[in-house]
Amino acid sequence: MKNELRTDVCLFLQWLSDRKKRALQKKDVDIRRRIELIQDFEMPTVSTKIKVSRDGQYIMAVGTYKPRVRCFDTYQLSQKFERCLDSEVITFEILSDDYSKIVFLQCGRFVEFHSQHGHYYKTRIPKFGRDFSYHYPSCDLYFVGASSEVYRLNLEQGRFLNSLQTEASESNVCDINPVHFLFAMGTAEGKVECWDPRTRNRVGLLDCALSSVTADTEIEGLPSISALKFDGALNMAVGTSTGQVLLYDLRSSNPLIVKDHHYGLPIKSIQFHHQLDLIISADSRIIKMWNKDTGKIFTSMEPEHDINDVCLYPNSGMLMTANEAPKMNIYYIPVLGPAPKWCSFLDNLTEELEENPESTVYDDYKFVTRKDLENLGLAHLIGSSLLRAYMHGFFMDIRLYHKAKMMANPFAYEEYRREKIRQKIEETRAQRVQLKKLPKVNKELALKLIEEEGEEKQFSKKRKQKNLPSLLKDDRFKVMFENPDFQVDEQSEEFRLLNPLVSKISEKRKRKLKILEELEAQGEEEEEEPEGKASDAESSESSDDEKGWVEEVRKQRKLLRQEEKLKRQERLKEDQQTLLKPQFFEIKEGEEFRSFKDSAKKQKLMKKTLEDRLKLEEKLGTLNVSDTTVGSKQATFKLKKSEQQRKQQEAERRHRQERKTLRRSASHLKSRRGRGRLFH
């Protein structure tokens, strides 16, 4: 909780002005005690790399966003300058003793040179670079990256030289030995290639991926080299992408020691501390310090944010880290060495802290409540100097507590003896069969699963196999034992037909487990003939099981049929016993009641399917279905008419018939008049 508050205060201070900060320091004791070695030792968002110049006066760091480099002067304990860059920096190197000559390798294949006044020159390499080293005798820069070639740029001539052709597909890191200037590069295949810059020939090859795999390590893929560092003329430390650090003597192809971080994260940085013979290795989560001869852990640190780089200030006990956070951390460990000369006051502070340790824990006191004091008969001491009030009780001297307890309870040994006897009884009870709490839903299924798991555990212990996960503890099947909707209905037809098969399978499995246990107990070696006999016996047993299962299923089917027959008979009896009561129906307006047969016909017609109704209407002539020229069907319907409409149409038809007969008779009379025979 205190660490969280401290980080919150730090974030809050970033937004305050200098005047408000000073005012807050007067009030807050924690802020007053906090030591800020270098003013504004931070980046806007993230810091990626941090290095110290050879003279120890300047600390340089790169980060984002925007991409920039910041130089801090340790003599002034403040920032000296800041320069913004065009693209993000992968790594950089200080070529001079101070900040006057710097080389930056950027992510866009750019190599940028800076002098004391600022930007000096920029060039590009053919492939994306990942690391580079400077060879002082020849003024050559060796670049490694996403290529099988190692590019050489000579700073004296100002031109690229013939590159080194390696066997690797890609290279991640490189380093040059400070004594004999041997060039080494770590590849993506987990190998380290060593080259002689004088002859430009390969002089050695180390397979670190194979050596990093030990009996204790668990590796999911091929380890690649992620860190590389020389120590003196003969020692070299190699870090892998799977979290192992290997220490080599250049005269041997086998590592002297393999140290695993046990996090499975790539090693970001390796540093050597010569005073105590320590190796300081770091991944993104932890910094470990361990002895390079024995591998014994000296100490470890886990910062709050992920680590990108670690820098050890030369000849001191100070560490600096670049993190995935704005603040760059500074750690001072007095055991590693003295404080640098620009912050020598740290030694005095640590000495004062050692001389005056703050006691935060009451080692010689016992915490008691008011009830404990009453039981001990010491309630009259409340308010005296023998008790110190704290929270809901008091602190008292442990010697006084033991004396009072001995006087108040002289039979403490008897209580101790009874407690030991109770513990022994509890241990024997634990060895007995304990009833497990069953779920509310599907209790029988849960009990069955528990029994099967117990049998499988016993068998797996004997066979030394891994236990399978329990269905009762699996979250995917948890609802099956909680929701009543998933309750198995044992009276359903499906369950009764499947139950014989399930029971037979479980019996067969139990029989098989029993046979295997007997074979293991006897310890007999199986030969070819016994195996054949066993298989014949097994096949005969399986055929018998199948016959029994078929008979059981037939029995269940017969029982189901009988139950259905009984249910039908009961329904018929109920129908016969029910008395028919008269029912009254209301006739709609415009309709005539003929008989109940018409309504019965309508009900029967409504119960029929659409296909049957269409066929019936086609027979009656109210529907006409025909094929069109396109290939589809055409249906013509004639709507049914009510009785009133039918009568009206019938009257109209008669009226038309009468008028037709009248017109015919009138035309006949006219024709006869024209002849003039009948009317004269």
Side-chain angles (χ1 to χ4, degrees), residues 10 13-14 18 35-108 110-123 129 131-134 136 141 155 268-269 271 282 303 305 307-332 339-346:
C10 291
L13 285 170
Q14 292 176 8
D18 294 336
I35 301 167
E36 191 174 0
L37 287 179
I38 300 172
Q39 190 176 0
D40 297 329
F41 193 64
E42 58 186 16
M43 279 286 168
T45 309
V46 172
S47 52
T48 54
K49 289 283 179 182
I50 185 167
K51 291 182 187 293
V52 180
S53 62
R54 282 201 295 274
D55 60 4
Q57 184 179 352
Y58 302 102
I59 300 169
M60 301 199 70
V62 293
T64 56
Y65 180 83
K66 300 181 180 178
R68 67 190 67 209
V69 57
R70 284 181 175 177
C71 180
F72 299 93
D73 191 346
T74 56
Y75 291 174
Q76 303 297 326
L77 298 178
S78 61
Q79 182 178 311
K80 187 171 184 64
F81 65 83
E82 177 184 17
R83 295 172 189 167
C84 288
L85 305 169
D86 294 334
S87 55
E88 191 176 341
V89 177
I90 297 170
T91 185
F92 71 99
E93 189 73 37
I94 305 170
L95 303 183
S96 60
D97 291 341
D98 54 3
Y99 66 91
S100 58
K101 292 177 184 177
I102 316 166
V103 185
F104 298 98
L105 176 62
Q106 298 174 350
C107 62
F110 288 104
V111 180
E112 193 169 327
F113 298 88
H114 281 226
S115 62
Q116 194 167 3
H117 63 81
H119 173 76
Y120 180 75
Y121 184 72
K122 182 187 276 191
T123 184
D131 198 8
F132 74 95
S133 294
Y134 182 61
Y136 283 93
L141 283 172
L155 300 184
K268 295 285 185 82
S269 173
Q271 303 287 335
H305 303 284
I307 304 163
N308 288 326
D309 192 22
V310 177
C311 177
L312 178 65
Y313 196 90
N315 303 318
S316 74
M318 183 172 284
L319 276 173
M320 290 170 284
T321 61
N323 317 297
E324 288 286 325
K327 281 279 183 185
M328 292 181 285
N329 296 331
I330 300 176
Y331 299 96
Y332 175 53
K341 58 183 179 181
W342 51 271
C343 57
S344 57
F345 59 87
L346 287 176

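Since this is a predicted model, take the numbers as computed values, not measurements.
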Under 3.5 Å, side chain of [X] to main-chain N/O of [Y], donor-acceptor pair present?
X    : Y    : value
T91  : D131 : no
Y121 : V111 : no
D97  : R54  : no
Y332 : A339 : yes
S47  : G63  : no

Compare all side-chain heavy atoms of [X] with those of [Y] and state whether any distance is below 4.5 angstrom.
X    : Y    : answer
V69  : M60  : yes
M320 : F41  : yes
L105 : F92  : no
L85  : R68  : no
T74  : V52  : no
M318 : C343 : yes

Subject >> Nearest-0.5 Å distance, CG of residue L346 to CG of residue L37 >> reply: 5.0 Å
Original post:
Rounded to the nearest 0.5 Å, how far does CD of E88 lie from NZ of K66?
Top reply: 14.5 Å
Subject >> side-chain contact (heavy atoms from CB on, under 4.5 Å) partner of N329, the single match among N323, I307, V310, I50 >> reply: N323
Subject >> CZ (F81) with more than 12 external heavy atoms under 6.0 Å >> reply: yes
Original post:
Heavy-atom count around Y136 OH within 6.0 Å, excluding the residue itself: above 12?
Top reply: yes
Original post:
Salt-bridged, R70 to D40, with N to O below 4.0 Å?
Top reply: no
**OP:** Kindly say whether the aromatic ring centers of Y58 and Y99 come within a distance under 6.0 Å.
**Re:** yes
For residues [X] and [Y], report the shortest heavy-atom separation together with the two atoms involved.
X    : Y    : result
W342 : G56  : NE1-O, 4.4 Å
Q57  : Y313 : N-OH, 4.5 Å
S87  : Q106 : OG-OE1, 2.9 Å
G129 : I90  : O-CD1, 3.2 Å
F110 : K122 : CD2-CD, 3.4 Å
T48  : D309 : O-CB, 3.5 Å

**OP:** Tell me, with the steps shown, if L155 and F113 meet side chain to side chain contact (heavy atoms under 4.5 Å, CB included).
**Re:** CA-CA 10 Å; L155 300 184; F113 298 88; 3.5 Å; yes
**OP:** Starting from the C-alpha separation in whole Å, work towards a yes-or-no answer on side chain to side chain donor-acceptor pair (under 3.5 Å) for E324 and N308.
**Re:** CA-CA 7 Å; E324 288 286 325; N308 288 326; 3.0 Å; yes
Original post:
Do Q116 and S100 have a side chain donor and acceptor closer than 3.5 Å?
Top reply: no
Original post:
Does a side chain donor of either Q39 or Q79 reach within less than 3.5 Å of an acceptor in the other side chain?
Top reply: no
Subject >> Derivation and outcome, side chain to side chain contact (heavy atoms under 4.5 Å, CB included), residues V103 and F132 >> reply: CA-CA 10 Å; V103 185; F132 74 95; 4.0 Å; yes
**OP:** List the steps, then state whether side chain to side chain contact (heavy atoms under 4.5 Å, CB included) holds for K80 with S78.
**Re:** CA-CA 6 Å; K80 187 171 184 64; S78 61; over 6 Å; no
